[in-house]
Participant: 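Sharing a structure here in structure tokens format.
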4 protein chains.
Amino acid sequence: MNKKEAIVRAAIQVFREQGIDKTKISDIVKAAGIAQGTFYLYFPSKLSLMPAIAEVMVEKTMTIVQETVQVNASFPVQLTQIVDAIFMVTRDYHEIQALIYSGLASTEHLKEWETVYAPFYNWVSERLQEAKADGIIRQSINVDPTAKLVIGLVESAAEQIYLYDSEQEDQARIQKSEVNIFLKHALGIRE
Amino acid sequence: MNKKEAIVRAAIQVFREQGIDKTKISDIVKAAGIAQGTFYLYFPSKLSLMPAIAEVMVEKTMTIVQETVQVNASFPVQLTQIVDAIFMVTRDYHEIQALIYSGLASTEHLKEWETVYAPFYNWVSERLQEAKADGIIRQSINVDPTAKLVIGLVESAAEQIYLYDSEQEDQARIQKSEVNIFLKHALGIRE
Amino acid sequence: MNKKEAIVRAAIQVFREQGIDKTKISDIVKAAGIAQGTFYLYFPSKLSLMPAIAEVMVEKTMTIVQETVQVNASFPVQLTQIVDAIFMVTRDYHEIQALIYSGLASTEHLKEWETVYAPFYNWVSERLQEAKADGIIRQSINVDPTAKLVIGLVESAAEQIYLYDSEQEDQARIQKSEVNIFLKHALGIRE
Amino acid sequence: MNKKEAIVRAAIQVFREQGIDKTKISDIVKAAGIAQGTFYLYFPSKLSLMPAIAEVMVEKTMTIVQETVQVNASFPVQLTQIVDAIFMVTRDYHEIQALIYSGLASTEHLKEWETVYAPFYNWVSERLQEAKADGIIRQSINVDPTAKLVIGLVESAAEQIYLYDSEQEDQARIQKSEVNIFLKHALGIRE
DNA sequence: AATGAATGAGATTTCATTCAT
DNA sequence: AATGAATGAAATCTCATTCAT
């Protein structure tokens, strides 16, 4: 069994349950079923876990997105699917997103953050590029920065709902609909 | 002199300088010029400062926004001014925003958060309402949820820039321009 | 209203509820309905309360004893009444007795202790003196030390019961009966 | 080397020297020769030491009693030896007895107290049983409750002397003599 | 006499980290 | 590689006491 992976898994679980600040290394090792000292064979500190956690989270995000978004669907449909996917990830992992955010921010691991998140930005960027090439969205769009804006917009919209309560599916449906309309206009979608 | 206020002021300052994790209560009281025990007269812990800090931050935001946005300007101009203002606040206080976010999230003060942010949401909502009444933006807009989307979008765009480095004015200018165009289409602004 | 008395009353109440160690001066003043600083106008410290509390306790004890013991009763009857009275006091105030004991012990107020308890010792001593004069108990008895032994014996017997639970009336009845027989022989009572 | 035992040993020593109130945990760990944090590995607080201390104290008492009381001596002689032993223990450890008493009383460890004291009660009870079988004491005696009365009587008599001053050997001799006579009659000893 | 906010020395407590096994 | 008891520096927190009002 891979101890490093066990540590990361356990950390995600414990962080979600009690927050990053209140979590002691001893909580993590207990959850991982390993000895206190073993932790230090793999990570020099609590914060150094963050990039590894971030990586796992981005993988999860990508998995959910790719499971949700149909390759052959039209761009407008794909866009609503992306929104669905991001809402889903936010609902299930918003505590982790927050802690990655503040955990990375409070260290010198910041540069790794961009690298880690890059695959998701790129993937959306590519979708936008295709849509632009197909003439489905306005031609004035710069795909790279716009991809980031879209992801930021949707994530923040989802957080506004799920920050308080992850059981808000009614609210979430309304918010998603608002986001879709907002995006349709922002991107100048022609149907 | 109001000690409670002094504590909050000092906490914001010290948190900005050294981050929330590295800040000891003793740093805060030193900066506030009060005795260690006095802190506990007003706050039971470091995290319980968060709602009070959030309140001050929203006040600061409102002040900057109202100083930046001209009352008589047209809505499109006001919108770019709102974007400028949010970027400004984010640049100067992104550490605080991050910590409010994770600080609130890791406690049970979540419900207070909506209340605290409400004035800002409302203010933008009113601007949108006026613009809608004047026929400047598309009539299909629901002003309340859209106000939240707009603020979330701009904040997340600003954070993408300033999270790494608050000296990125060139990058910021480009990002703001992207946001403005994005918003112009999203809101269906007619000039 | 007499503040000093209010403080002593409040202290007894709070000490009984939470023990001497866990009781802060702030708890006492809160219960007494006075300001923190006022305490120090009457007592220089928490432990300096002890002699005053002890005095009140001995008064209570004497009151109960004198209400229970009939002046005209024969000595053997009076003795069982004394046992009843001490059991009663111990049941209701054993926490206080313990804290007076340790409270006085941990200070330099020890000398006051003897003075404070003296009236009770003396009263029992007088009863023994009378009984001796009446030839009801053995003539070899030294009344003063024996009075102390009797009180010590009965108190310790009562504590053995009530230390754990003040609702032990069945157990208490048995124990009292044992004490009475023990004392009857110890004192050489002739009936 | 057993750290838990070292802590209890050190605590008894330091408590005797400076009293329970004035003793800091840091004093205990210093005396035990361990690190501050190690204390918390074994005990959550100063008061939680009490049951462990009580146990050691009862062991010490038993040891002294068994060293003092001669197995082949007649019961009357054994009884005076028991009195001697209890006076000795009280002289040397009255501070500890007081603190066990109030320390146990102020916590929820009360139930353990009976268990801890049981061996001593039983041992005296057995002596009484033998004496009763040998017809040396009155046949109406119930050995178990009487054992407790005897121990309580002697302890309280000893405390009356040594509470104030452990150098009172003259007083102690007189008091012991009083106790012996008192007991001789109470138990109906036939010589 | 009475108040109670403020104090700060000093206690408790935590927990990341080490290291002998 | 793995362990986990032990560490102790460094933090939090308490609360008796003061003192300006």
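Just so we're on the same page: letters track the sequence lines, and every chain starts at 1. This one's a predicted model, so the numbers in the text were calculated from it and none came from an experiment.
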Participant: Please state how far atom CG in B/L47 lies from atom P in F/dC13, giving the value in whole angstrom units.
Facilitator: 10 Å
Participant: Could I get the full list of side-chain hydrogen bond (donor to acceptor under 3.5 Å, both in side chains) partners for B/Y42, not counting sequence neighbours?
Facilitator: none
Participant: Hey, are the side chains of C/V56 and C/I96 touching, using non-hydrogen atoms and a 4.5 Å cut-off?
Facilitator: no
Participant: Using a cut-off of less than 4.0 Å, is there contact between a side-chain N or O of D/K3 and OP1 or OP2 of F/dT7?
Facilitator: yes
Participant: Pairs under 3.5 angstrom only: tabulate donor-acceptor contacts from the side chains of residues 3-16 of chain B to other protein residues two or more places apart or in another chain.
Facilitator:
unit_1 : atom_1 : unit_2 : atom_2 : d
B/E5   : OE2    : B/R9   : NH2    : 2.5
B/Q13  : NE2    : B/E17  : OE2    : 3.2
B/R16  : NE     : B/D92  : O      : 3.3
B/R16  : NH2    : B/D92  : O      : 2.6

Participant: Using five base pairs at each end to define the local axes, how bent is the helix from E/dA2-F/dT21 to E/dT21-F/dA2, to the nearest 10°?
Facilitator: 0°
Participant: Which side-chain hydrogen bond (donor to acceptor under 3.5 Å, both in side chains) pairs, counting each pair once, include a residue from residues 29-40 of chain D, with sequence neighbours left out?
Facilitator: none
Participant: Starting at atom CZ of C/F43, determine the distance to atom C1' of F/dC15, rounded to an integer number of angstrom.
Facilitator: 19 Å
Participant: Could you list all the salt bridge (charged side-chain N to carboxylate O under 4.0 Å, His left out) pairs where at least one residue sits in residues 41-55 of chain D, not counting sequence neighbours?
Facilitator: none
Participant: Taking the nucleotide of DNA chain E with the nearest heavy atom to each, does D/L41 or C/L41 sit closer to the 5' end?
Facilitator: C/L41
Participant: With a cut-off of less than 4.0 Å, is there a side-chain N or O of D/T38 near OP1 or OP2 of F/dT7?
Facilitator: yes
Participant: May I have the distance from A/K4 (atom NZ) to F/dA1 (atom C1'), rounded to whole angstrom?
Facilitator: 15 Å
Participant: Output the rounded distance in Å from NZ (C/K22) to C1' (F/dT14).
Facilitator: 15 Å
Participant: Under the side chain to side chain contact (heavy atoms under 4.5 Å, CB included) test, which residues partner C/T61, sequence neighbours left out?
Facilitator: C/V65, C/V89, C/F120
Participant: Between C1' on F/dA9 and NZ on B/K24, what's the gap in Å once rounded to a whole number?
Facilitator: 11 Å
Participant: Quick one: C/I20 CD1 to F/dC15 P, roughly how many Å, whole number?
Facilitator: 15 Å
Participant: What does A/Y42 touch in the nucleic acid at a heavy-atom separation under 4.0 angstrom: a base, only the sugar-phosphate, or nothing?
Facilitator: sugar-phosphate
Participant: Between C1' on E/dA6 and CG on B/N2, what's the gap in Å once rounded to a whole number?
Facilitator: 14 Å
Participant: Quick one: side chain to side chain contact (heavy atoms under 4.5 Å, CB included) partners of D/S45, sequence neighbours excluded?
Facilitator: D/L47, D/S48
Participant: Sub-3.5 Å donor-acceptor pair from the side chain of A/H94 to the main-chain atoms of A/E159, do we have one?
Facilitator: no
Participant: Below 4.0 angstrom, which residues in residues 28-35 of chain B have at least one non-hydrogen atom near DNA chain E?
Facilitator: B/I34, B/A35
Participant: Let me confirm one number: the CD1-CD1 distance from C/I20 to C/I53, rounded to the nearest 0.5 Å.
Facilitator: 7.0 Å
Participant: Could you give the distance from CG (A/L49) to CD1 (A/I28), rounded to the nearest 0.5 Å?
Facilitator: 5.5 Å
Participant: Using a heavy-atom cut-off of 4.0 Å across all strands, would you classify D/F39 as base, sugar-phosphate, or nothing?
Facilitator: nothing
Participant: Can you pull every protein N or O that's under 3.5 Å from an N or O on nucleotides 17-21 of chain E?
Facilitator:
unit_1 : atom_1 : unit_2 : atom_2 : d
E/dT17 : OP2    : A/Y40  : OH     : 3.4
E/dT17 : O4     : A/Q36  : NE2    : 3.3

Participant: How many Å lie between CG on C/D21 and C1' on E/dT12, as a whole number?
Facilitator: 14 Å
